[in-house]
Amino acid sequence: QVQIKESGGGLVQPGGSLRLSCTCSGRISNILAMRWYRQAPGKEREFVAIISARGTTSYSDNVKGRFTISRDSANNAGYLQMNLLQPEDTAVYYCHVLWGSAESWGQGTQVTVSS
């Protein structure tokens, strides 16, 4: 079965950095895009960043200039480097993978930015 796993979340002080990982396993091929979303308590899930199979990237205005999305195609993995983290970045971060004719979600990883 296809399995998506996020990791790398944790507690960090304002101004700090974290690197999230998204690993794909199982019968998965032809990954078309990887996306990161986040959901804060009491808020709807929001788009964070996307990287296509061609390497094209796009970011939410809220994270542009601070976050960087990347990929490791040989290992079906993706990453989200988060710098200059602020309390408003606190949320559960989810990886979404579009592949072939299907799509899959990870279980999420908690990011907490607090003094």
Side-chain angles (χ1 to χ4, degrees):
Q1 296 287 340
V2 173
Q3 186 169 235
I4 312 297
K5 290 185 177 180
E6 304 97 334
S7 62
L11 175 64
V12 64
Q13 294 186 359
S17 298
L18 286 173
R19 191 187 192 198
L20 306 184
S21 297
C22 177
T23 301
C24 309
S25 62
R27 288 189 172 89
I28 188 168
S29 62
N30 191 31
I31 294 177
L32 301 178
M34 288 188 179
R35 299 177 177 88
W36 287 94
Y37 291 82
R38 66 185 183 185
Q39 187 167 23
K43 296 185 178 180
E44 295 184 352
R45 188 172 298 184
E46 68 170 327
F47 167 80
V48 175
I50 182 173
I51 185 166
S52 74
R54 298 177 180 177
T56 302
T57 60
S58 185
Y59 300 88
S60 164
D61 288 341
N62 294 329
V63 307
K64 193 175 299 181
R66 299 187 297 120
F67 291 10
T68 302
I69 188 171
S70 61
R71 62 178 181 173
D72 181 359
S73 298
N75 294 296
N76 285 334
Y79 307 94
L80 184 68
Q81 177 67 45
M82 306 185 296
N83 299 324
L84 297 173
L85 285 163
Q86 300 300 315
E88 55 264 34
D89 296 315
T90 295
V92 177
Y93 284 71
Y94 298 91
C95 180
H96 173 265
V97 179
L98 178 64
W99 61 281
S101 60
E103 58 185 330
S104 299
W105 288 90
Q107 81 288 347
T109 184
Q110 177 71 50
V111 173
T112 302
V113 185
S114 176
S115 299

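Along the sequence shown, residues are numbered consecutively beginning with 1. Just so we're clear, the structure is a prediction, and the values are computed from it rather than from any experiment.
- Linking Ile, Leu, Val, Met, Phe, Trp and Tyr residues whenever their side-chain heavy atoms come within less than 4.5 Å leaves Ile4 and Val92 in two separate clusters.
- Using a 4.5 Å heavy-atom threshold, the side chains of Val111 and Met82 count as touching.
- Contact of the Glu6 side chain with the Leu20 side chain is not registered, since no non-hydrogen atoms from C-beta on lie closer than 4.5 Å.
- For residues 44-94, the set of pairs meeting the disulfide bond (SG atoms under 2.5 Å apart) definition, not counting sequence neighbours, is empty.
- Within the 3.5 Å criterion, the main-chain N or O of Gly9 finds a donor-acceptor partner in the side chain of Thr109.
- With rounding to the nearest 0.5 Å, the separation of CZ in Arg35 from OG in Ser52 is 10.0 Å.
- With sequence neighbours excluded, no residue satisfies salt bridge (charged side-chain N to carboxylate O under 4.0 Å, His left out) with Arg19.
- Listed by chain and number, the residues in a side-chain hydrogen bond (donor to acceptor under 3.5 Å, both in side chains) with Gln110 are Thr112 (sequence neighbours excluded).
- Leu11 forms part of no hydrophobic cluster, judged by ILVMFWY side-chain heavy-atom separations under 4.5 Å.
- For Lys64, the salt bridge (charged side-chain N to carboxylate O under 4.0 Å, His left out) partners two or more places apart in sequence, or in a different chain, are Asp61.
- Here salt bridge (Lys or Arg N to Asp or Glu O under 4.0 Å) pairs that include residues 71-88, with residues two or more places apart or in two chains, number zero.
- Here Ser17 pairs with Gln81, Asn83 under the side-chain contact (heavy atoms from CB on, under 4.5 Å) rule; sequence neighbours left out.
- Summarising the geometry of Val97 relative to Cys24, their closest heavy-atom pair is CG2-SG, 3.7 Å, with the distance given to 0.1 Å.
- Every pair passing disulfide bond (SG atoms under 2.5 Å apart) that includes a residue from residues 66-115 is listed here, sequence neighbours excluded: Cys22-Cys95.
- Taken from OG1 in Thr57 to CD1 in Ile69, the straight-line distance is 7.5 Å, to the nearest 0.5 Å.
- Every residue two or more places apart in sequence or in another chain was checked for a salt bridge (charged side-chain N to carboxylate O under 4.0 Å, His left out) with Glu103, and none qualifies.
- Shortest non-hydrogen contact noted between Val12 and Leu18 is CG1-CD1, 4.1 Å.
- Taken together through direct or relayed side-chain contacts under 4.5 Å among Ile, Leu, Val, Met, Phe, Trp and Tyr, Tyr37 and Ile31 form parts of separate hydrophobic clusters.
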Return all side-chain donor-acceptor pairs below 3.5 angstrom for residues 39-50, not counting sequence neighbours, or 'none' if the list is empty.
{"from": "Gln39", "atom 1": "NE2", "to": "Lys43", "atom 2": "O", "distance (Å)": "3.1"}
{"from": "Glu46", "atom 1": "OE2", "to": "Arg38", "atom 2": "NE", "distance (Å)": "2.8"}
{"from": "Glu46", "atom 1": "OE2", "to": "Arg38", "atom 2": "NH2", "distance (Å)": "3.4"}

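- Minimum heavy-atom separation, Arg66 to Asp89: NH1-OD2, 2.8 Å.
- Applying the salt bridge (Lys or Arg N to Asp or Glu O under 4.0 Å) test to residues at least two apart or on different chains, none of the pairs has a partner in residues 73-83.
- Among pairs with a residue in residues 54-99, those fulfilling ring pair (Phe, Tyr, Trp, His ring centres under 6.0 Å) read His96-Trp105, at least two apart in sequence or across chains.
- A distance of 10.0 Å separates CD of Gln3 from OG of Ser104, quoted to the nearest 0.5 Å.
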